[in-house]
Engineer: 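I have a structure I would like to understand better, so I am pasting it below and will then ask my questions one at a time.
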Protein chains: 2
Amino acid sequence: MLKEERQKIILDQVHLHHRVLLTDLSESLNVSIDTVRRDVKELAKEKKLKKVHGGATSFGFMSFSKDDDNIYLLSKKIRIAEKTVSLLSEGQVILMSGGTTNMEVAKMIPKRLSLTVFTPSLHVAMQLLELPDVEVIFLGGKLLHEAKFAVGGTVVNSLNQLKVDLCILGTGYLDADHGLTEFDWEVIQVKQAMIRAAKKTVILSVSDKLHSVQKFKTCDLTAVHTLVTELHPSDPVLDRFREFDLRLV
Amino acid sequence: MLKEERQKIILDQVHLHHRVLLTDLSESLNVSIDTVRRDVKELAKEKKLKKVHGGATSFGFMSFSKDDDNIYLLSKKIRIAEKTVSLLSEGQVILMSGGTTNMEVAKMIPKRLSLTVFTPSLHVAMQLLELPDVEVIFLGGKLLHEAKFAVGGTVVNSLNQLKVDLCILGTGYLDADHGLTEFDWEVIQVKQAMIRAAKKTVILSVSDKLHSVQKFKTCDLTAVHTLVTELHPSDPVLDRFREFDLRLV
DNA sequence: ACAAAAACAGCAAAAACTTGCAAAAAGTAG
DNA sequence: CTACTTTTTGCAAGTTTTTGCTGTTTTTGT
């Protein structure tokens, strides 16, 4: 294999997943970790990507939330994304919120699956546009600078006119007692409208966030139909959630 | 086998697979590795392909999307962007379309200028969010895959409810006789609505595009108030545009 | 603070590159 | 056809690049 070829694959991976682990690259490319390390070092010197401890990230596109600098969360999120994508079916009309986990879902949707997706997230919309068979409708409104997420009356009004098959909610804090919570009031309004606008709601959450509570409440767990985590559905960590009428994936 | 014949095969292989190994070529062409090496060296000198350690790649193999934008045009666009930014003033409410020129404008807006910007372009919106004092409102609707631009009734409806200070139109084809033209009917609808929604309209155009016509017409030059090019306002190339009630910048 | 993972530096083997040279092939007069 | 030049090709010796491995140092998470 040519060095250039390898480096291109690395760059593609970085652009696709926004973050990659050197160990993963080493394995999938069948070269030693040192070689990958050297490649990444070179690419970093050429400003094609950003080298971080344990891997590399694309810089230029976006920097998300603070705790997302953690490379190890990514593999969990990818696992969640895989499971979530398997819930989708041809021709569905769905809603997707923002957040890194939802981004991974967007990246993982197969190229030939036709969907109609409504989203108020710039990042998710951008990613979905890579898929030729997905129709993307952006729910316009005032954009939040950090989250790159549209909020406000316009978004809620648009949502009130919809009734879609599925709503996929990413980022958010989850707790068996307190339900779904957020720290941003405006985001809550949008998420509530999203849940109302969908027949079924799917929540994506890495297990780390399963018992965290924020200031404002989006909804109770009874409003949710499916919970996707990176864990096996039978994992004891999920026990607290079994009392609800929830499908664990 | 003739040398030219061999080199043509090499080029075909490179174009087909984007990369070749010298060892593979040597084997499949039944010549020594040195001969192949010399051939590739020649082709590289003629800029027909790129020689790399162990093989060759096609040009643009390592490039992803944006590198194609040549430096030559970019400098003109930056010049235009500079002039355009100088037209803006504190507190204005403006509309921005998409396109690379408008992107340059977005990049060049000073950090401390507060504005309210409506746009149907994902890229422009994304860029504007880097500015803390700019409020960005995305005009939601169906997104075009290539242009990352929102079109359709939703966008037009939103625009019909606006009356903003300024509309900045990027990309588009301009001609003194035929006015502003485009090749996408849906985009036209949006741009027309944008012009209607603004008190003044500014057109950005690199001089190369000043005499090009496309299939569909957005508006006459009489609907435009300012034309920004990279040229000096007194440049004779702009003479054809002086008969209109246009401010040249 | 400790153990595990990752980064770094130096080394050695393998692969690829360079250069010079000579033989073969092709072209060019006389 | 022959003698000569020119081009092309293959080969060999020496150099550089790439790659994986070693042991050591740094960073990270608990």
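All chains are named by letter (A, B, ...) in the order of the sequence lines, taking the proteins before the strands, and each is independently numbered beginning at 1.
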Engineer: Checking H15(B) now: which residues fulfil side-chain contact (heavy atoms from CB on, under 4.5 Å) with it, not counting sequence neighbours?
Structural biologist: L11(B)

Engineer: Is there any salt bridge (charged side-chain N to carboxylate O under 4.0 Å, His left out) pair reaching into residues 13-31 of chain B, and which pairs are they, with sequence neighbours excluded?
Structural biologist: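 Non-adjacent pairs meeting salt bridge (charged side-chain N to carboxylate O under 4.0 Å, His left out): E5(A)-R19(B).
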
Engineer: Note the angle between the end axes of the helix from dA1(C)-dT30(D) to dG30(C)-dC1(D), five pairs defining each, rounded to 10 degrees.
Structural biologist: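 The angle, to the nearest 10 degrees, is 40°.
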
Engineer: How many Å lie between CG on L25(A) and C1' on dT19(D), as a whole number?
Structural biologist: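 The answer, rounded to whole Å, is 17 Å.
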
Engineer: Going by salt bridge (Lys or Arg N to Asp or Glu O under 4.0 Å), name the residues that satisfy it together with D133(A), two or more places apart in sequence or in a different chain.
Structural biologist: R112(A)

Engineer: Rounded off to whole Å, could you give me the CG-to-P distance for the D39(A) and dT17(D) pair?
Structural biologist: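 Spelled out: CG on D39(A) to P on dT17(D) is 16 Å.
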
Engineer: Quick one: what's the B/S/- string for nucleotides 16-24 of chain C, heavy-atom cutoff under 4.0 Å, read 5' to 3'?
Structural biologist: SSB------

Engineer: Holding to side-chain contact (heavy atoms from CB on, under 4.5 Å), I want the full list of residues that pass it with R6(A), two or more places apart in sequence or in another chain.
Structural biologist: M1(A), K3(A), L29(A), V31(A), T35(A), D39(A)

Engineer: Using the salt bridge (Lys or Arg N to Asp or Glu O under 4.0 Å) criterion, which residues pair with E46(B)? Sequence neighbours excluded.
Structural biologist: K48(B)

Engineer: So if I take residues 2-16 of chain B and measure heavy-atom distances to DNA chain D, which residues fall below 4.0 Å?
Structural biologist: K3(B), R6(B)

Engineer: Taking side-chain contact (heavy atoms from CB on, under 4.5 Å) as the test, write out the residues that go with K142(B), two or more places apart.
Structural biologist: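 Counting only residues at least two positions away or on another chain, K142(B) forms a side-chain contact (heavy atoms from CB on, under 4.5 Å) with E135(A), I137(A), V151(B), E186(B).
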
Engineer: Would you call E42(B) and K45(B) a salt bridge, using N to O less than 4.0 angstrom?
Structural biologist: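 Not counted as a salt bridge, because no side-chain N and carboxylate O are separated by less than 4.0 Å.
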
Engineer: Output yes when at least one side-chain N/O atom of T35(B) is less than 4.0 Å from OP1 or OP2 of dG10(D), else no.
Structural biologist: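 Affirmative; the distance criterion is met.
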
Engineer: Only counting residues at least two apart or in another chain, list the ones meeting salt bridge (Lys or Arg N to Asp or Glu O under 4.0 Å) with D208(A).
Structural biologist: K76(A)

Engineer: Does L88(B) have any side-chain contact (heavy atoms from CB on, under 4.5 Å) partners at least two apart in sequence or in another chain, and if so, which?
Structural biologist: Q92(B), I94(B), I109(B), L113(B), L115(B), L166(B), I168(B)

Engineer: Does R242(A) have any salt bridge (Lys or Arg N to Asp or Glu O under 4.0 Å) partners at least two apart in sequence or in another chain, and if so, which?
Structural biologist: D239(A)

